[in-house]
Structures are given as structure tokens and as C-alpha cells.
Amino acid sequence: MTSRSPFFFAIFLLITAGLSLAVLRHVELGIPWLKGEQRPVWLVEARVDFQATNGPVLASLNIPDQPPGFQLLTEQAASPGYGFSIVEDGGNRRAEWSKRFASGPQTLYFKAQLVPDPSAGAPKPKRPPQAERMFWEEPQATAVREVLQQARERSSSPESMTRELIKLMQPENPEQNTTLLVSGTNYVDLLARMLNHAGIPARIADGLQLEDARRRQLLKPYLQIYDGEQWLTFNPHTGTQGLPENVVLWRQAANSLLDVVGGSESQVTFSMLRQTVPALQLARAEASDNGLGFISLYQLPIEEQSMFRMLLLLPLGALIVAFMRIVIGIRTSGTFMPVLIAVAFVQTSLVPGLVAFISVVSLGLLMRGYLSALNLLLVSRISALIILVIFITTGISIVGYQMGFNTGMTVTFFPMIILAWTIERMSILWEEEGPREVVIQGFGSLFVAVCAYLAMSTPLAGHLTFNFPELHLVILGLILLMGQYTGYKLSELRRFHPMKAYDQ
């Protein structure tokens, strides 16, 4: 006897592969499991104001590039009369506006859509940054050495030394060295210079606190150090490591935030707005930038996408039919005729589809009876039935349209050859088994088709089958598993019920 272990192992591999690929698509491409899921999107607008000095103008604003914790979705500028471009400058991205002549007050806008993404991290530098050499004049040089020595004695790593240095540099610290260094200087810039002097690469980053419907906001400085693998961010006033929630680092490695040539009194302010968009829409927008985007069906033309949306529902209908026939035991006319009927119902909606199907089959059976009286050969009967079914379908569609049922069946919804062959088979079954068997199989086919239609027409089914096509491997595994079932069908329990009473 052949072992079934390889067969069950193959089913296990199919189901595992289908579920694993679906989870991978969900994680890597961000495709949601549910159709109606929403994701927050921040619309951030940078406004640049300055006074033009009656001549050529060139304004350059640093813009974010892969900020940690966020994905940059879209960006655009709105500045009439100005030329605009995004340029790379020493590894930094800058938005540049230019104009041949400008005078008076000028306003420029830059808008960006940012999607929160906890897995997004800042890109690693191409080469490890080195600490800059710093020069101090006395008495600051002596104070810097003593404060750094205290911080070094209380720490064991670049991170802990940064935290201890921030604590020592707080204004409430009564030490004379701290008072001397902090007075009259930029506090955050002083911290960065001291850390570089201690051999720890440090820089200043500007962060923007995202709050819904806020206007005229300014960037806040944060301290960053390089620990040998990545840049770490610290609050320069509390020493807290890491970025607070909803803070986007607008400027990290740039030397300046805003440069204006041909203007004066320049400033930049920020406004922001929180929006929600469908998660599936975001996944489609980000698919082209993702390494796994090429396996998405959204890369296909729209016409082919529409075809696959219907085609990928067929395996689900096949699963319903297999379950109804093998486990429940419902007799149908043909093996997968109910699936084709269910596909037609999806197109026409349930009630018009039922009316059209019953009408076509009923009229086809009447005409098939007349063809039987002519003693035609099988090929001629089937060919004549195809033509007659087309005429019946056309007539029903015209009558339905005149009565206002514009969702009626068209020629492409029901396969003509399958309908003709179904009518032929039912007529033969009528002659051999009688009308009772025809009614049983006919209504069995309709019942299974309605069940398949209810499953295939749900929004969740359409969403999962199209966005996670690998789940069809799970359906295939379940169908193969049901193919091994040889027990009693549920419909047979009633037939064998008297045997149970006899045993008692």
C-alpha cells in the first residue's frame, strides 16, 4: 500500500508557502489584510519668507531624505513665477527656487507627505564620520577639559558620556566651569563641539514636532552622535535618547537650513495637517520603490487587472463546490458548472442572474425536446442548441432592458457552450432518470452556485484573492486534502438513519 506521507507533506508545504508569502507581502509591501484599513499621513508645508533686493534670487531649503520613523510619500512646490528643482548637494537634498528678477516681499512653499513607519531608519553613512578638530581659547579650553574629564569618569560608552555631559551642562549646575561655558554661547552647538573635542562625532539635527492643524511652527534642535554604527539622537536639555513620538528630523547632515541669495530677512516656518488615507492606496504608491513591488498585480495594465480580479475568484468558488459535493453530498449538474454560474451572478447580481439562468435553461429544454423528435446526431443537436441559446439570451436581454432591468445578462456572462451542453445533459438525464433527477441536480447546482456567489461577492474575498494571490496555494492544499475524504457525506446521514434505529 502506497504511503500517504509524501502527499500530506506536499499539502503542508503548499499551505505553509501560501501563508508565508502572504505574510511577507503584508510586511514588505504594507498591503493590509482588511480592505477598509486607514493609515495616518502628515501633510507638512514649509513656508519661506524674505525680502527680495531688486535682482536675481536663488533660495535653497534643506528638505528631508529618509528621516527615521517616516516614509516620504510625495513632495511638491507651489511658488508662481519661480523655477524649482530638487538637487543633491554633498549628500543632502535641497529644494531650490530661482528667478531672474524679484523685488519686495516673497513667499515660497514646499509641501511633503510623510507616512509614519517605525521600521524606517536613517541611512547608514557611506564612510564612518570622524570627529572634527576643535580649538578653544583660554579660559574655555581649561573648562572644557575639566567638564569632559568629569563626564568621562562617569561613563563607559559614547552614549553614556553624552548623557553625563548634558547633565553637567545644565544651567542649574552651580559649577563655575559650566557657568563659564554656557554663558553667551549657543548651548546645543557647544555640546556638539565638546563631544567632537572628546573624539565623538557629533552634529546638530533639527526636528519638527507634528501636531494636527498647527501653523507657524519652528524647528527644534536635537543632538546627534555617531556610536560607530549609526547616528543616535538625544534631547540636548534632558539627555533622553531617541526621538519623541511624531517628531520628524527635517535637517540632519546639512550645514544650513535655508540660504537666500538676492534677499534679506529670510525665515522659514512650518504648518502641518494630519490626514487618513486607505492603507491599500499607500501600498500601491510605495510598491514601485519596494524591492518586492514587481510581484504586485498592480503593475499590470488596468484592463488586465480587471480580468484577474474576476479570474482569481474562481479558486474560491472551486473550493465551495468541492466542499458541497464531497463533504455535504449535494448533487449538481456537472462538476464546476456551479462555479461558472456563480461568476455570472457576480456580474449580473443574484436575482437577475437567477431569473436569466432559469429562463434560458427552461426554454432550452423545451427546444431540446423538439430537436430530439427530429432524431438529429449529437454534434448537430449541440450546435443547434448553441445558436438557440444565443437567440434566447439576446431576447431576454432586450426584454429586460425594455423593462428597466439594465443589469440583465449579456452574452459574455454565461458561457454559451457550457449552457448548451448543460441543457443537452439535462435532457438526456430527463430521458434516462426522469424529471425528478433533473430537478434535484438543477436546484442543487443553483444552491451551490448561490453559496459560491455569496462567498465570492464579499469585499474581503475580492481583496484577499487579488492582493494576496499566494493564498490560492492554501485553497489548492485544502481541495487536495478534501480529495482524500472517503467517509460518509452529510446528506447520507438521513439515508442511513434507519440502521441506527435498528442497532438500538
Side-chain angles (χ1 to χ4, degrees), residues 306-366 368 385-386 389-390 392-393 396-397 400 405 407-430 433 435-466 472 475-476 478-479 482-483 485 489-491:
S306 301
M307 178 189 67
F308 275 103
R309 283 186 183 276
M310 181 58 61
L311 186 63
L312 292 174
L313 287 173
L314 290 177
L316 181 59
L319 177 66
I320 300 297
V321 172
F323 177 79
M324 289 294 184
R325 287 180 61 90
I326 297 174
V327 179
I328 305 299
I330 297 177
R331 287 179 286 178
T332 62
S333 177
T335 306
F336 289 107
M337 181 63 183
V339 179
L340 300 176
I341 299 174
V343 171
F345 289 166
V346 172
Q347 296 286 346
T348 63
S349 73
L350 184 59
V351 176
L354 281 172
V355 173
F357 177 78
I358 294 175
S359 301
V360 171
V361 173
S362 300
L363 293 175
L365 284 174
L366 293 177
R368 168 60 177 79
L385 274 177
I386 292 174
V389 165
I390 292 176
I392 295 171
T393 304
I396 292 177
S397 298
F405 299 103
T407 58
M409 179 186 64
T410 63
V411 175
T412 57
F413 289 160
F414 280 103
M416 296 297 104
I417 296 178
I418 299 297
L419 269 180
W421 184 255
T422 300
I423 295 172
E424 174 69 16
R425 183 176 179 183
M426 283 187 173
S427 62
I428 295 176
L429 187 65
W430 189 301
E433 303 291 339
R436 182 175 180 274
E437 189 65 24
V438 172
V439 172
I440 291 176
Q441 292 193 15
F443 279 97
S445 299
L446 284 179
F447 175 76
V448 175
V450 170
C451 293
Y453 160 78
L454 295 176
M456 296 164 63
S457 62
T458 58
L460 181 61
H463 173 77
L464 292 178
T465 55
F466 185 78
H472 291 91
I475 295 178
L476 175 60
L478 295 176
I479 291 177
M482 283 191 292
Y485 180 73
K489 300 177 176 61
L490 294 181
S491 60

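Given the structure is predicted, the values throughout are model-derived calculations rather than measurements. Side chains are part of it too, since the values below use all heavy atoms of this structure and drop only hydrogens, waters and symmetry mates. FYI, the numbering just counts along the sequence from 1.
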*Asks:* Report the distance from atom CG of L446 to atom CD1 of I330, rounding to the nearest 0.5 Å.
*Replies:* 11.5 Å
*Asks:* Residues in side chain to side chain donor-acceptor pair (under 3.5 Å) with T332, at least two apart?
*Replies:* R325
*Asks:* Does any non-hydrogen side-chain atom of V450 lie less than 4.5 Å from one of L454?
*Replies:* yes
*Asks:* Within this structure, what is the OG-CD1 distance for the pair S445 and I440, rounded to the nearest 0.5 Å?
*Replies:* 11.5 Å
*Asks:* Rounded to the nearest 0.5 Å, what separates atom CE in M324 from atom CG in L319?
*Replies:* 10.0 Å
*Asks:* Report the distance from atom CG of L464 to atom CG of L312, rounding to the nearest 0.5 Å.
*Replies:* 11.5 Å
*Asks:* List the atom of A452, the atom of A342, and the distance in Å for their closest heavy-atom pair.
*Replies:* CB-CB, 3.7 Å
*Asks:* Which heavy atom of F466 sits nearest to which heavy atom of R309, and what is that distance?
*Replies:* CD1-CG, 3.5 Å
*Asks:* Using 0.5 Å steps for rounding, measure from the NE2 atom of H472 to the CG atom of L316.
*Replies:* 7.5 Å
